[in-house]
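To keep things clear, I will list the structure first and then write my remarks on it.
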Amino acid sequence: MGATGTTGTALLHSLRALDVPVRALTRTPHRPLPGTTGPHDRHDRRVEVRYADAGDPDSLRTAFSGADQLFLAMANSPAQVELETRVIDIAAHSGIGHIVKLSAPAAEPEAPVAISRGHHAVEEHLHASGLTGTVLRPYAFMQNLLRLAPTVAQGLVLGAMGDAPCNYIDCRDIGDVAAAVLTRRHLAGGTYTLTGPEAVSHPDLAARLTELTGRRIQYIDLAPDELRDNLVHQAGMPVWLADHVVEIQQLAIARPEFPTTTVTDVLGRPPRTLDAFLNEHRAHFR
């Protein structure tokens with residue numbers, strides 16, 4: 001589930017590379033999957049596309065029929081716990097034996113981040129379901145940095161985390177790890193905290209963007225309420241999402257972030273670097 005999202009797209013690419021059969025679930029099965037040219041793309045011959053909507057239990061039962069593993073990735077939302085626990089229950093009744101859940105760091109019952117508390121509740125439900133549950137806890141997606149382009153064009157990076165370091169990870173590495181735990185059974189059942197090779201502060205990120213673009217990019221550190229207001233009124237974010245962004249930035253201050261070796265341990269190669277990602281998308285920021 002989540003086949004058209006950033007991580008789901010990366011996982012599909014990884015599974016294609018391994019030449020294993022996969023069923024891609026989407027609410028828009030009539031549209032080409034990201035990275036393909038259409039329903040008959042020759043690279044998609046082992047990918048079956050089906051309709052599924054977490055709000056439609058019958059569609060889930062149909063989509064899960066005959067499957068034995070499920071990758072569960074859903075966009076963060078206020079309804080996430082309700083929807084994901086329903087998916088897990090229907091999967092269990094449909095004969096699926098292994099679920100790989102995309103979760104979040106600090107997935108704890110008392111976490112200061114509301115979305116993380118929700119992920120904890122879903123993780124607990126998965127562990128109580130009787131299924132084999134594998135949990136992936138990635139830190140900040142490098143791909144989300146592409147959303148900074150409008151402010152970078154103004155010479156700015158805005159945030160509310162001072163000079164606290166932030167772990168970033170390329171979603172393609174998350175896809176590769178997810179493919180590994182789906183195809184190498186000895187990895188199933190674990191909890192994997194995923195980061196890139198370094199934690200980078202916002203001032204350091206601004207310096208790297210300055211070098212990348214050839215223009216001075218300045219980091220402006222805002223008070224949490226100021227950042228929240230900017231995200232709501234300037235970026236057009238819903239209030240719950242703006243609250244989430246502010247909460248995770250404040251968490252980075254309260255709990256300094258350090259990279260893990262998990263990607264290397266699982267894949268036998270180092271994770272992709274932030275500098276390589278930024279250079280790959282140089283034109284986007286320019």
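Below, all heavy atoms of this structure are taken into account, side chains as well, without hydrogens, waters or symmetry copies.
- Residue A199 comes nearest to N167 through the heavy atom pair CB-OD1, 3.5 Å, listed as atom of the first residue, atom of the second, then distance.
- A donor-acceptor pair under 3.5 Å is absent between the side-chain atoms of R16 and the main chain of V47, judged by distance alone.
- Remark: L136 CG to T7 OG1 distance equals 9.0 Å, nearest 0.5 Å.
- The structure places CD of E84 at 8.5 Å from CE of M1, a figure rounded to the nearest 0.5 Å.
- Here the closest non-hydrogen pair linking C171 and A10 is O-CB, 3.4 Å.
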* To do: Before giving the answer on side-chain contact (heavy atoms from CB on, under 4.5 Å), spell out for V135 and H127 the whole-Å C-alpha distance, their side-chain angles and the decisive distance to 0.1 Å.
  => CA-CA 10 Å; V135 174; H127 294 319; 4.2 Å; yes

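- Residues M237 and L227 fall within the same hydrophobic cluster, defined by Ile, Leu, Val, Met, Phe, Trp and Tyr side chains chained together at heavy-atom separations under 4.5 Å.
- The same ILVMFWY cluster, assembled from side-chain heavy atoms under 4.5 Å apart, contains both L12 and F141.
- More than 12 heavy atoms of other residues, nucleotides or ligands shown are found within 6.0 angstrom of CD on E124.
- Enclosure of atom CZ in R27 is not indicated, since only 12 or fewer non-hydrogen atoms of other residues, nucleotides or ligands lie within 6.0 angstrom.
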* side-chain contact (heavy atoms from CB on, under 4.5 Å) between Y51 and L25, worked out -> CA-CA 6 Å; Y51 167 76; L25 307 184; over 6 Å; no

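- Between H284 and H281, the ring planes lie perpendicular to each other; the angle is over 60°, past the 30° to 60° tilted range.
- For T134 (side chain) and G189 (main-chain N/O), a donor-acceptor pair under 3.5 Å exists by modelled atom type.
- Contacts of Y219 classified as ring pair (Phe, Tyr, Trp, His ring centres under 6.0 Å), with partners at least two apart in sequence or in another chain: H202.
- No side-chain heavy atom of V177 sits under 4.5 Å from any side-chain heavy atom of T262.
- Between the side chain of T260 and the backbone N or O of T193, at least one donor-acceptor pair lies under 3.5 Å.
- I220 and V157 fall into different hydrophobic clusters, where Ile, Leu, Val, Met, Phe, Trp and Tyr are joined by side-chain heavy atoms under 4.5 Å apart, directly or via other members.
- Looking at F277 and R172, their side chains come closer than 4.5 Å, going by heavy atoms from C-beta outward.
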* Should D243 and V246 be marked as a side-chain contact (heavy atoms from CB on, under 4.5 Å) after you check the CA-CA gap, both sets of side-chain angles, and the distance that decides it? -> CA-CA 5 Å; D243 286 340; V246 172; 5.8 Å; no

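- Between the side chain of Q143 and the backbone N or O of T6 there is no donor-acceptor pair closer than 3.5 Å.
- Residues R86 and P57 share a closest heavy-atom pair of CD-CG, 4.1 Å.
- Taken from CD1 in I115 to CH2 in W240, the straight-line distance is 5.0 Å, to the nearest 0.5 Å.
- Here R137 pairs with E123 in a salt bridge; the nearest charged N to carboxylate O distance falls below 4.0 Å.
- Counting heavy atoms from C-beta on, the side chains of N76 and H119 come closer than 4.5 Å.
- In this structure, the side chain of R23 engages the main chain of A63 through a donor-acceptor pair within 3.5 Å.
- Heavy atoms only, all atoms of each residue included: V181 and H98 are closest at O-CE1, 3.5 Å.
- Atom CG in D275 sits 12.5 Å away from atom CD in E280 (nearest 0.5 Å).
- No single ILVMFWY cluster, assembled from side-chain heavy atoms under 4.5 Å apart, contains both V232 and L148.
- For E82 (side chain) and A79 (main-chain N/O), no donor-acceptor pair under 3.5 Å exists by modelled atom type.
- With hydrogens and angles left out, the side-chain atoms of D176 and S14 include a donor and acceptor closer than 3.5 Å.
- Judged purely by atom type and a 3.5 angstrom limit, H93 uses its side chain to pair as donor or acceptor with the backbone of D89.
- In terms of modelled atom types and a separation under 3.5 Å, the side chain of R50 and the main chain of S59 share no donor-acceptor contact.
- Counting only heavy atoms from C-beta outward, the side chains of L278 and L205 approach each other to under 4.5 Å.
- M161 and L222 fall into different hydrophobic clusters, where Ile, Leu, Val, Met, Phe, Trp and Tyr are joined by side-chain heavy atoms under 4.5 Å apart, directly or via other members.
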* Report the C-alpha separation of V22 and L182 in whole Å, then their side-chain angles, then the decisive distance to 0.1 Å, and conclude whether the side-chain contact (heavy atoms from CB on, under 4.5 Å) test is met. => CA-CA 11 Å; V22 58; L182 286 164; over 6 Å; no

* Asked: Which is it for D225 and R228 under the salt bridge (charged side-chain N to carboxylate O under 4.0 Å, His left out) test, yes or no, and what are the steps along the way?
  -> CA-CA 5 Å; D225 287 345; R228 182 184 295 106; 2.6 Å; yes

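- A 4.5 Å side-chain heavy-atom check between P271 and P197 finds at least one atom pair inside the cut-off.
- Atom CG of L60 and atom CD1 of I88 lie 11.5 Å apart (nearest 0.5 Å).
- The minimum heavy-atom distance linking P203 with G162 is given by the pair CD-O, 3.6 Å.
- Electrostatic pairing of D204 and R208 counts as a salt bridge here, judged by a charged N lying under 4.0 Å from a carboxylate O.
- In this structure, A252 and E257 approach most closely via the heavy-atom pair CB-OE2, 3.6 Å.
- Around NE2 of H125, the count of heavy atoms belonging to other residues, nucleotides or ligands within 6.0 Å exceeds 12.
- Within a 6.0 Å radius of CZ in R147, no more than 12 heavy atoms belonging to other residues, nucleotides or ligands are found.
- By the 4.5 Å heavy-atom criterion applied to side chains, L102 and I174 are counted as neighbours.
- Y192 contributes no side-chain N or O that, together with a main-chain N or O of V266, makes up a donor-acceptor pair within less than 3.5 Å.
- Proximity of a side-chain donor or acceptor of S94 to a complementary backbone N or O of I96 within less than 3.5 Å is not detected.
- Counting heavy atoms from C-beta outward, L126 and L72 have side chains that stay 4.5 Å or more apart.
- Residues passing the salt bridge (charged side-chain N to carboxylate O under 4.0 Å, His left out) test with D58 are R61, sequence neighbours excluded.
- Residues T264 and R269 fail the side-chain proximity criterion, which asks for heavy atoms closer than 4.5 Å.
- Taking OG1 of T132 as the start and CD1 of I99 as the end, the distance is 10.0 Å to the nearest 0.5 Å.
- Residues forming a side chain to side chain donor-acceptor pair (under 3.5 Å) with T261 (at least two apart in sequence, or on another chain): D265.
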